[in-house]
Amino acid sequence: MAKPRARVAIIMGSPSDWEVMRAAEETLDELGIASDARVISAHRTPARLVRFLASAEQDGIEVVIAGAGMAAHLAGVAAAHTLLPVLGVPLPGSELRGFDALLATVQMPGGIPVATFAIGRAGAKNAALFAAAILARGDDAIRDRLAKFREAQSAAVPERPPRD
Ligand code: RP5
């Protein structure tokens, strides 16, 4: 069977980012949303970035999740090259444990917005859930799956703390 067309792009600055960014793919998989994960660096592969975003919209991509660490300009540069919503995930693999990437991602000058999420896996997961919420505006099946995800999440929280 042919793979469904990706509606969300997950881009990351380095293969070393995948360990964290796979949380975005896993969450989208759980919600039945096809995604396309790519290593695209704003500084090491600038031409790849421009090429990918030039055709992303016509290729069916509706949301871009961009994860990067250190001086993390990937999400901001990506946002400059597309009108699609860009969700930035600051990654923690630096001496500053992602605080550098958080500031670089969140402190976009006015004019080119990047929605910024938490540092690391929580951010990657929430970016995927946020992408699902965007898609759910025009897709009842995704809205239903998102509602079920929330229900299951609530049901999994115990009433009392675990005692040994
Ligand atoms: C950023 O630099 C990447 O997003 C990565 O988080 C960081 C370090 O990259 P590597 O040196 O591990 O490839 O561009």
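One-based numbering along the sequence shown. In listed order, ligands and their atoms are each counted from 1.
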Does the side chain of Glu57 come within less than 4.5 Å of Leu84's, by heavy atoms?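 Yes, close enough: below the 4.5 Å cut-off.
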
Strictly by side-chain hydrogen bond (donor to acceptor under 3.5 Å, both in side chains), give each pair with a member in residues 134-146 just once, sequence neighbours left out. Arg7-Asp139

Can Lys125 and Glu30 be counted as an ion pair, charged N to O under 4.0 angstrom?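 Salt bridge: no.
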
Per-ligand residue contacts, ligand 1, heavy-atom threshold under 4.0 Å: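 Residues Gly13, Ser14, Ser16, Asp17, His43, Arg44, Ala68, Gly69 each place a heavy atom under 4.0 Å from ligand 1, listed by chain and number.
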
Under the salt bridge (charged side-chain N to carboxylate O under 4.0 Å, His left out) test, which residues partner Asp36, sequence neighbours left out? Arg38

Just to verify, what does Glu19 make a side-chain hydrogen bond (donor to acceptor under 3.5 Å, both in side chains) with, not counting sequence neighbours? Arg22

In a check of side-chain contact (heavy atoms from CB on, under 4.5 Å) between Ile11 and each of Val39, Val86, Ile65, Leu49, which one passes? Leu49

